[in-house]
Amino acid sequence: AGTISIDLMQEGNEVAVEFRADGAGLNLGRIRERALAMGQLAADAPVRSYFGDTVRLAYAHNTGGFLSLGADWPTPVRTAVFTVGTGVLLLLLLVLASKRRWAPMAKLGIALFAAGAASNGIDRVLHGSVIDFLNVGIGPVRTGIFNVADVALMLGGALVVINESRSKRLNHTSSDS
């Protein structure tokens with residue numbers, strides 16, 4: 001199975017991004033599994049339910065953003081906001097990451113956020129939409145439909161916010177002493 005690694009490292013005041021591949025090439029078996037899964041989650045397939053209906057799998061093309069925000073906007077506006085805008089935000093994130101010293105938790109958050117945004121961004125560039133397929137909840141209280149990249153985005157953002165609030169609280173506490 002082929003492996004591609006992406007590392008984000010801070011070197012002084014700069015951020016280095018390192019890409020590595022083991023040269024094993026494409027894992028055709030894995031690609032076939034993914035294609036089969038896509039067939040199982042086709043638009044006309046029934047919703048699949050797991051863990052007492054806590055998790056549902058359903059296939060949805062999302063031309064909008066988070067929870068399909070902007071899906072009904074004209075295509076040029078969606079492209080500008082969700083493809084170009086995401087690319088600009090990723091670049092700004094890398095610039096910000098290079099200007100600061102980040103704690104390990106924040107670095108992980110930035111990496112997760114960047115990976116999720118890049119994954120959704122690549123799908124938007126190549127296909128004009130992302131495929132969402134997860135829905136969680138209990139009874140009538142449910143999330144919107146989302147994908148794994150959305151989980152990486154949200155978890156990454158949460159880790160950065162938690163890290164920032166902790167560091168501000170620690171700085172505030174130490175300045176009171």
Side-chain angles (χ1 to χ4, degrees), residues 1-27 29-31 33-35 37-38 41 55 57 60-70 78-136 143-174:
T3 302
I4 297 173
S5 300
I6 303 172
D7 291 323
L8 181 65
M9 301 161 285
Q10 184 173 350
E11 295 176 355
N13 290 334
E14 297 183 10
V15 171
V17 180
E18 182 179 292
F19 298 89
R20 287 187 310 276
D22 66 3
L26 299 174
N27 182 338
R30 185 98 164 117
I31 292 170
E33 287 174 15
R34 173 103 168 125
M38 295 282 289
L41 294 175
V55 177
L57 298 181
H61 279 277
N62 179 2
T63 57
F66 180 68
L67 299 176
S68 296
L69 172 73
R78 279 196 323 262
T79 300
V81 172
F82 299 123
T83 304
V84 176
T86 298
V88 169
L89 286 175
L90 278 174
L91 288 174
L92 289 174
L93 179 65
L94 290 175
V95 168
L96 177 64
S98 71
K99 299 289 183 195
R100 264 189 93 169
R101 295 182 54 95
W102 293 93
M105 182 168 63
K107 286 179 186 177
L108 175 62
I110 290 168
L112 285 169
F113 190 89
S119 176
N120 278 343
I122 289 168
D123 280 348
R124 287 185 194 290
V125 168
L126 294 178
H127 309 291
S129 65
V130 299
I131 296 173
D132 288 340
F133 57 91
L134 290 166
N135 174 274
V136 296
T143 65
I145 192 164
F146 59 95
N147 63 33
V148 176
D150 296 332
V151 174
L153 279 161
M154 297 301 290
L155 180 59
L159 287 174
V160 171
V161 168
I162 290 167
N163 182 75
E164 287 301 296
S165 66
R166 273 169 105 199
S167 69
K168 285 182 181 177
R169 188 179 41 188
L170 289 173
N171 288 340
H172 181 67
T173 304
S174 66

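Side-chain contact between L134 and L57: present, with at least one pair of heavy atoms (C-beta onward) separated by less than 4.5 Å.
Listed by first and then second residue, the side-chain hydrogen bond (donor to acceptor under 3.5 Å, both in side chains) pairs that reach into residues 78-93 are T75-R78, sequence neighbours excluded.
The two residues L90 and A117 have their closest heavy-atom pair at CD2-CB, 3.8 Å. Across every non-hydrogen atom of L153 and G116, the tightest pair is CG-C, 3.9 Å.
Considering only residues two or more places apart in sequence or on other chains, M105 meets the side chain to side chain contact (heavy atoms under 4.5 Å, CB included) condition with L159, I162, N163, R166. Partners of H61 under the ring-ring contact (aromatic ring centres under 6.0 Å, His included) rule, at least two apart in sequence or in another chain, are Y59. Under the side chain to side chain contact (heavy atoms under 4.5 Å, CB included) criterion, V161 pairs with no residue at all, not counting sequence neighbours. Shown here are the side chain to side chain contact (heavy atoms under 4.5 Å, CB included) partners of N147, two or more places apart in sequence or in another chain: N120, V130, D132, F133, A149, D150. Residues forming a side chain to side chain contact (heavy atoms under 4.5 Å, CB included) with V151 (at least two apart in sequence, or on another chain): F146.
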### Task
List the steps, then state whether side chain to side chain contact (heavy atoms under 4.5 Å, CB included) holds for I110 with L93.
CA-CA 8 Å; I110 290 168; L93 179 65; 4.0 Å; yes
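How far CD1 of I122 is from NE2 of H127: 9.5 Å, rounded to the nearest 0.5 Å.
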